[in-house]
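Model, not experiment: these values are computed from the prediction. Letters A, B, ... are given to chains in the order of the sequence lines, protein chains preceding strands, and every chain is numbered from 1.
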Amino acid sequence: MKAAVLKWVAQIPFGKVATYGQIAALSGHPRAARQVGRILASNGEDLPWQRVLNAKGKISTESQSGELQIRLLEAEGVVFNAEGVCDLRTYLWQPELSQDRSALKKSL
DNA sequence: CGTGTGACGCGAG
DNA sequence: CCTCGCGCCACAC
């Protein structure tokens with residue numbers, strides 16, 4: 001599962017973001033959103049972990065490295081409002097519509 | 001291998 | 001906006 005999470009996070013395209021719940025679901029564990037966060041917190045720094053936000057489009061690392069995360073995302077073109085929240089309707093990654101081939105096949 | 005625990009969540013009230 | 005508690009799994013023991 002950890003592997004699946006890392007794999008999916010690595011798939012998040014530049015300039016897009018995903019939520020913990022979304023990653024968990026894609027990994028086959030719809031209810032394990034928290035584990036996703038835990039995994040990202042302790043995995044390496046190789047992944048675009050900054051592209052993972054909570055379900056409200058806000059960073060969950062304010063007490064960790066919030067500033068850094070926001071900077072990294074803004075550098076990708078993701079805009080945050082004064083409250084540190086980005087518009088998921090605009091930036092949320094939608095794998096089914098972009099590159100989740102396996103899920104796409106199922107619907108065919 | 002069994003148990004305990006806590007974590008970057010989430011949705012409901 | 002705030003609070004509550006469920007749920008699930010990686011990790012330390």
Close approaches to DNA chain B from residues 74-87 of chain A, in residue order (heavy atom, under 4.0 Å)
none
Residues two or more places apart in sequence or in another chain: which of them pass side-chain hydrogen bond (donor to acceptor under 3.5 Å, both in side chains) with A/S65?
none
Mind checking whether A/Q11 and A/W93 have side chains closer than 4.5 Å, heavy atoms only?
yes
Please check if the side chain of A/Q50 supplies one atom and the backbone of A/Q69 the other of a donor-acceptor pair under 3.5 Å.
no
How long is the straight-line distance from CG of A/L6 back to CE of A/M1, given to the nearest 0.5 Å?
9.0 Å
Could you grab the distance from atom NE2 of A/H29 to atom CZ of A/R31, nearest 0.5 Å is fine?
13.5 Å
Among Ile, Leu, Val, Met, Phe, Trp and Tyr joined by side-chain contacts under 4.5 Å, find the other residues sharing a cluster with A/L73 and list them by chain and number.
A/V17, A/L53, A/I59, A/I70, A/V78, A/V79, A/F80, A/L88, A/Y91, A/L92
Which residues end up grouped with A/V85 if you chain together Ile, Leu, Val, Met, Phe, Trp and Tyr wherever their side-chain heavy atoms are less than 4.5 Å apart?
none
Side-chain heavy atoms of A/P95 within contact of A/L26, under 4.5 Å
yes
Tell me the stems DNA chain B sits in, counting at least three consecutive Watson-Crick or G-U wobble pairs, each under 3.5 Å on both distances.
B:2-6 with C:9-13, B:9-13 with C:2-6
Find the distance A/I59:CD1 to B/dC10:P and express it as a whole number of Å.
14 Å
Please report the distance, rounded to the nearest Å, between NZ in A/K58 and P in B/dC10.
13 Å
Side-chain heavy atoms of A/L47 within contact of A/I12, under 4.5 Å:
no
Would you indicate what A/A41 reaches in the nucleic acid, counting non-hydrogen atoms under 4.0 angstrom: base, sugar-phosphate, or nothing?
base
Using a cut-off of 4.0 Å between protein heavy atoms and nucleotide atoms, how would you tag nucleotides 7-13 of chain C 5' to 3' with B, S and -?
BBBBS--
Going from OG1 on A/T61 to CG on A/L68, what distance comes out if it is rounded to the nearest 0.5 angstrom?
8.0 Å
